[in-house]
Structures are given as C-alpha cells and as structure tokens.
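This report refers to the structure that appears directly beneath it.
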2 protein chains.
Amino acid sequence: MDTEDTRRATIGDVAAHAGVSVTTVSHVLSGRRPVSTATQQKVRRSIDLLGFRPNEIARSMRSQRTHTAALVVPNIAHVVYPFVARGITEELRPLGYQISIYDTDDDPVVKADVLQVITDRRVDGVILFGFDITSTDAAVLTGASIPFVNGGLNAEVDGPYDCVRSDQRAGLEITTRHLIERFGGPLAFVGGLPGDGPADLRESGFRRAMAAAGLPVDERLVARVPYSWEGGREALAQLLAKDLPIRAVVCANDLIAIGGMAMARERGLRVPEDLAFTGYDNIEAGTMVVPTLTSVESFLDEQGRSCARLLIDRLGRGYGGPARHVSIDTALVVRASSGGTGS
Amino acid sequence: MDTEDTRRATIGDVAAHAGVSVTTVSHVLSGRRPVSTATQQKVRRSIDLLGFRPNEIARSMRSQRTHTAALVVPNIAHVVYPFVARGITEELRPLGYQISIYDTDDDPVVKADVLQVITDRRVDGVILFGFDITSTDAAVLTGASIPFVNGGLNAEVDGPYDCVRSDQRAGLEITTRHLIERFGGPLAFVGGLPGDGPADLRESGFRRAMAAAGLPVDERLVARVPYSWEGGREALAQLLAKDLPIRAVVCANDLIAIGGMAMARERGLRVPEDLAFTGYDNIEAGTMVVPTLTSVESFLDEQGRSCARLLIDRLGRGYGGPARHVSIDTALVVRASSGGTGS
DNA sequence: CAGTATCTGCAAATCGTCTTGCACACCACG
DNA sequence: CGTGGTGTGCAAGACGATTTGCAGATACTG
C-alpha cells in the first residue's frame, strides 16, 4: 500500500498548502519580485514540508534552456574518451551544466541518430570528440541553432567549426628528436596503418624531425602495422629479420612500442642498451612494463577542458563570429626505454 | 545575416502550412486515429518542407516519460565503468532509451547532487554502478518514483534494491585453487587495504579456498597494500625480505600482481618457475607484460547488460514486487605467470 | 486631504505536444 | 425518410513552471 503519494508535489500544491498563489511561490523561488518576509517563510515551510522541487522539464519548456551539454564520443570504452569527459565535466559542472555522455558505437548511422536525438532534446550545446564531422552532422545542429565544438585527433584545424586538437605531428617530432639526440642513429619507425586516423600525421612528424636533423629516412626501417601490441611484435620481428643496424625505434603509439620491446627482448636485445624505444599516448601500461616506456602525454583532460571553454564562449556569443581553433601542447615523458631520467 | 529562421518549426507551423489543425498533424504522426490519405500526404509534405521534428521536451512534459536512463558512476575514467556503460547502452538503446552517463567525481556530495538533478529531470530509470547506496540516495529516487538498479563491487546482495554484482569471493577462490593445484604451496596473499571496497571480499575468497584445500594460512605471508603497481612492488619487497619459502602469490588485483612480478624479477626470481602469480580484473596491461598475467575476467559488459535488463523489468513492473539480485559468473584466464596454456 | 509611489499578490497567457469530447458529413439499411 | 455507424477534423484542456499586466493596500509627499 502506498502511504506515500506517488506524484511529486507541484508548485500548485505548494501554493495551496501555503495559502498563496503560484505566482508568489515562483517569486519566492526566483527572487524576481519582492515578497514579504512573512509570506516567504510560509512558502518555504510548505516547500520543505511537501518536498517540492521544480520540474526541470517544465522549466526547460518555458525557458528554452536545458542546462545540459552533450558529449558525443565514438566509443566510451576507448581509453582516451573518459579522460576527455572528466576534463569537460570539471569545467562545465561548476557553471551549472549537466553533462550527458553519448556513445555512438563507432557507427556513423548511430552517430547521426544520436545527434538528431540530442537536438530534439534541445541540449544547450554539444561537444563532439573523436569524429570526422560531416556536413550533414553539422547541419542538424546548426539547423536547430545548437552550438557545438569539435575535438580530438581528426578535428580539422582549418574547418569552419570551433575545434580543439593536440598537435600529434609535433609530438612525434619530439620523440624522434629525443632519440636522435641521445643515440644518433640509425632510427627505425613503426607507424599505424595508413588511413587509420592519426597514422599519417604521426609518420609525417617522424619524417620532419629526421629531415630537420639532416638524417635520411631508410625506408627499409619503416614499418606500418595495426595500432596494437601484436602489431608491435610483428613489426619488430620483421625489422630485426632484415639484419640491418638499428639503434632506436620510434613507435607511433604505446601499444606498438610495448609489443616491440617484448619482441626485442625475446630476441636477446637489451632495452635500451642495445635498442631504445619511444611510444606515444602515455598509457598506464607504459609505467608497468620493464623497462618503463618513454612516451608523449597529450593531456586529454586539458583537451576536454578546452572544448568546454570554447563551448561556453560560443554559448555566450551565439552563432556569430569566427570559428576558433585551439591546439593543446604535448609533453615528452622520459622513462627507461630511452635511457631514463629527466628530459 | 540569418536567412534561416532561427526558431524550429512547431506542430502548429506544420498545421498552418498544411491547412489543417494541429490535432490532425498529431494524428498523422502518432497514427492513433485514422486520417485520410490525401490529408496525410499534405501533412507529411509540410513536415518535410519545414524540417519539423517534435520537441522532446514538450513530449516529455505531456507524456511524463523521457525515454532516458541515467547511468551514474563514481569516476568514468576508472577502467571498469566504460565497459559497463557499453553493456548498458547495447541493451537499452535498441529499446529506444537514451543513456546519459553522469560522473560523481568520487565525491558523495556530488553524487547526492547528481541524483537530485536527474530526479528533477525525470529520467525514466537510473543505474547506479560502483557505489554504496545510502538510504538518503535511495529516498531521493523512490520519493520521485524513479526505478533504479544498483550494480558493481559493493552492491549488496541482501539489500532491498535490485542489484547486480560479480562474485569476487568466488573469483579469488578460483585463482587460489588454481595455484594450489599447480604448485601446492606455500602461497602468499597480497590484498587491498581493509575498507577499500572489495578488499575484504577478495581476501575472504583466498582464505576460503585455502581452508577448502585443508591448507593453513601463514599470516606472515599475507600483505595488504594499496591497489596499485607501487603497492605490489612494496608488498613483494616486504614478503621477500622475510626470507620464507614462497611458491606462488595470489594478488587481489592485476596492478598489484604486475608490480609484484616486476619486483620479484628485479630480485632475480624467475616467474613462474621460481614464483608464480595471479591477478584479478584481467586488465589489458596483463596481456602486455612479461610474463603475461593469469587473471580473472568479470565480464563488465555483461554486468552492465544485466543491470539494464533488471531496470527494464522494473520499468515494466513498477515499484512493487521483491528486489531481484543477479550474480555474474567470473572466469579464470590462465597465462604465463602461472605456467600458462589452458585452464 | 488629494495625489503618487511602493509593496504585494492574483489571474491569465505562454512554452509545444498529446488527447478527449464534439460535431459534421456521408453512407447504408430497414 | 429516420437511424445508426464510420470517417474526418476542430476546439479546448491538460502537463508544470515562469512572466506580465493589473489591482488593491500602504505609505509618503506637497
């Protein structure tokens, strides 16, 4: 038996209980018009007694604002996105925004659907992270006058939308330069498969650093494999089989580097004494393998925070004005795999 | 300047454009009353022309349903929660629910606030994962008649709420038994700090398996440290310093095990020939360290799916009926750290 | 004492959708 | 020609809050 009334109290219930009109209750709540102290107290007591809380749906209906920002990501289980989400939340929650995270399951159809749904729900703003934005996607949002920010690896620096990214090319230049300074050469490079998002950017970073140091790239020492531990093992097996001298390996991400190190050690090489390694992304596993892995930190939480700030800014300015582009710096984290200690 | 009208079309605009009443448009949309084919076509054309989409806020207001479920987690950046989120999404999205993920920043105050806010927004249901539910938390939700399900390590099997958990005690019994069968003894145990959520449960699993095998627990071989890589290193350093014979180490999670293995190898021990290890949680890093780590998989996505199913069920049945409790089985994953191959 | 501010508080309209009660037209049947 | 279905469509009233126009009390001013 429900002793409790199942329906939540409305502002009307409060007004009736306090013996005033709904207007008065609303004014007590919002403070937009003066209300006598006596009346205020009556009203507040009724509110407490009835456990009244304003219905946000009704509020949104009236005010046309939902105090909600949506974060859309391709796959929340991919390591990078949770950190981005935390950065965004930290920035936006204090301003009274709730963050709803939506996962598109790596499926463009689901992405389109999600975008439509959040548009129908009239979120105040959207942060897309980790996508190539299609013009249809953008049209859905702009058509509903919903501001959005694009972040992540594929965010177009030159696009017409606000965007945030980290400069991966520069990041790979840093690791390459680091290995050149410490060991000279010859250097091998293990990249991701072409077309896999950041692969081209990262490889171009390697090449640029080599060129800047006046070193030629030996194409026999360039391998491209899936961004995985197994990929790294395979790449190193191939490289070592060629029996060419190699002093260090620049890897395009940490999984490849960790797999590569494992293979090198299986083949009797000492890391970093015989062969040094660097990775990219600074994943947790890199701190737990032996030797610990030199990598590049791209400050995902900061990327998230930047997205949030851009969105806030856009919320204030409306759709007008130029698109803003923010680049987040990366940082080298030197560990044992490249000789360790300091940078 | 704005060629586009910034306001989205409403059902009224459609009606005016098609020369019919809003009722008719609504009936075309919902199909709840027959509408002549000619009228239907007129209306549909107007809808397309105007790009009309029903305002979900207004819909929710009217229907008292938001088609939204909230997932609340302590910290989305903690490895386990994204997988849970994926499981939930997979189960709930096909049923037309949107999933909003909320992060409480490991802060009970934020948790209370988030719960209040999602209540105010009238989500249809809530999944709490990874919390100790306080009676206040529950009261907020039940007071608003919002069904919820509690999942995760601390979900109370005997509590009055629907809940899902994996049997960690059984999981640790499995690893302990596995090591006993392979190596006999003596066995050491490295657990988490007492009071840190699952620590007590996991330790009791170890003890139960030892008792079942008729083996005494040597308390000198029991260490308790933070659930971290550093904790594992420290624990092994302490244990090895005692200079007692140890054949294998049961660790309460993978981070501890990986750190412990690293320390053991630094001290010149071979893993698993001199000292075998097992972990718990089956994190990715365990597949990348040398030797690879034997662990326990607890099927987080399946836990998520179960939560979702329980919630759906509750959504259908309403608040009545008994609380349901689901336990998700765990599975041993044997890798090199305990001798490898097969189970 | 009349005239004018300043407080208070109410009634009613609004946000966008869905649903219910009616009404009108048309057809068929006895 | 009445009677009773079907189709078809409109007007009006929720849902729960906010805001605006008004009006009755007071209090202050000349």
Side-chain angles (χ1 to χ4, degrees), chain A residues 5-44 46-47 50-68 117 119-124 144-145, chain B residues 5-44 46-47 50-68 117 119-124 144-145:
Chain A
D5 187 353
T6 186
R7 194 176 63 86
R8 263 180 70 154
T10 72
I11 197 171
D13 298 335
V14 174
H17 185 270
V20 299
S21 73
V22 292
T23 318
T24 305
V25 178
S26 179
H27 287 331
V28 169
L29 254 29
S30 67
R32 295 182 66 91
R33 278 208 192 159
V35 175
S36 73
T37 323
T39 310
Q40 282 212 26
Q41 290 191 341
K42 262 196 310 185
V43 171
R44 290 197 190 289
S46 297
I47 287 175
L50 272 53
F52 166 76
R53 301 215 95 219
N55 180 325
E56 279 300 324
I57 306 261
R59 244 180 191 177
S60 298
M61 174 105 172
R62 180 72 231 252
S63 67
Q64 309 285 38
R65 334 211 83 254
T66 52
H67 304 288
T68 301
V117 167
T119 299
D120 294 343
R121 306 228 168 152
R122 302 291 193 277
V123 296
D124 290 343
S145 305
Chain B
D5 187 353
T6 186
R7 195 176 61 86
R8 267 179 69 152
T10 72
I11 197 171
D13 299 334
V14 174
H17 186 271
V20 299
S21 73
V22 292
T23 317
T24 305
V25 178
S26 180
H27 287 331
V28 169
L29 254 29
S30 68
R32 296 184 65 92
R33 279 208 193 160
V35 175
S36 74
T37 322
T39 310
Q40 283 212 25
Q41 290 190 343
K42 264 194 311 186
V43 171
R44 288 196 192 289
S46 297
I47 287 176
L50 272 54
F52 166 75
R53 301 214 96 221
N55 180 324
E56 281 297 326
I57 305 260
R59 255 188 180 167
S60 298
M61 175 105 173
R62 178 71 232 250
S63 68
Q64 309 285 38
R65 337 211 80 252
T66 51
H67 304 288
T68 301
V117 167
T119 299
D120 294 343
R121 306 229 166 151
R122 301 292 193 274
V123 297
D124 291 343
S145 305

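Every chain is numbered from 1, with letters handed out A, B, ... down the list of sequences.
Looking at the side chain of B:V22, the nearest of the listed nucleotides D:dT18, C:dC18, C:dG9 is C:dC18. The nucleotide whose nearest atom lies closest to any side-chain atom of B:P54 is, among C:dT20, D:dC15, C:dT17, C:dT17. Side-chain atoms of B:S21 lie closest to D:dG9 of the nucleotides C:dT8, D:dG9, C:dC18. Residue A:R62 places its side chain closer to C:dA13 than to any other of D:dG9, C:dA13, C:dT17. Of the candidates C:dG16, D:dT8, C:dT19, the closest approach to any side-chain atom of B:T10 belongs to C:dG16. For B:A58, whose side chain is taken as the heavy atoms from C-beta onward, the closest listed nucleotide among C:dT17, D:dG9, D:dT18 is C:dT17.
A heavy-atom distance below 4.5 Å is not found between the side chains of A:I11 and A:N55. Considering only heavy atoms from C-beta on, B:V43 stays 4.5 Å or farther from B:V35 through its side chain.
Taking atom CZ of residue A:R33 and atom C1' of nucleotide D:dA23, one finds them 12 Å apart after rounding to whole Å. Atom P of nucleotide C:dC18 and atom CD1 of A:I57 are separated by 14 Å, given to the nearest angstrom. The distance from atom NZ of B:K42 to atom C1' of D:dT8 is 11 Å, rounded to the nearest whole Å. Atom CG of B:D13 is separated from atom P of C:dG16 by 9 Å (rounded to the nearest Å). The CD1 atom of B:I11 sits 14 Å away from the C1' atom of D:dC10 (whole-angstrom rounding). Atom P of nucleotide D:dT19 and atom CG of A:L29 are separated by 11 Å, given to the nearest angstrom. Separating the CZ atom of A:R32 from the P atom of D:dT20 is a distance of 7 Å, rounded to the nearest angstrom. Protein atom CG of A:D120 is 14 Å distant from nucleotide atom P of C:dG16, rounded to whole Å.
The side chain of B:S60 places no N or O atom within less than 4.0 Å of a non-bridging phosphate oxygen (OP1 or OP2) of D:dC15. Side-chain N/O atoms of A:T39 include none lying less than 4.0 angstrom from OP1 or OP2 on C:dT8. Distances shorter than 4.0 Å separate some side-chain N or O of B:R59 from OP1 or OP2 on C:dC18. Phosphate contact (OP1/OP2 of C:dG16, side-chain N/O of A:Q64, threshold under 4.0 Å): present.
Tested against A:V28, the residues A:K42, A:Q40, A:R33 include a single side-chain contact (heavy atoms from CB on, under 4.5 Å) partner, A:Q40.
The residue among B:V20 and B:M61 whose nearest nucleotide of DNA chain D lies closer to the 5′ end is B:V20. For A:G12 and B:G19, each mapped to the nucleotide of DNA chain D holding its nearest heavy atom, the one lying further toward the 5' end belongs to B:G19. Where B:E56 and B:H27 meet DNA chain C, the nucleotide closest to each residue was compared, and B:E56 sits on the side nearer the 5' end.
Among the atoms of the strands shown, none is found under 4.0 Å from any heavy atom of B:R65. Using a 4.0 Å heavy-atom criterion, one finds that A:S26 contacts the bases of the nucleic acid, with or without backbone contacts as well. In this structure, B:R122 reaches neither bases nor backbone, as no heavy-atom distance under 4.0 Å exists between it and the strands shown.
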Next item on the list: Would you check, one step at a time, whether the test side-chain contact (heavy atoms from CB on, under 4.5 Å) holds for A:F52 with A:D13?
Entry: CA-CA 9 Å; A:F52 166 76; A:D13 298 335; over 6 Å; no
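With no hydrogens or angles considered, a side-chain donor-acceptor pair links B:R121 and A:T68 at under 3.5 Å. Side-chain atoms of A:S26 and A:T23 form no donor-acceptor pair, as typed in the model, at a separation below 3.5 Å.
A donor and an acceptor atom sit less than 3.5 Å apart, one in the side chain of A:T23 and one in the base of C:dA11.
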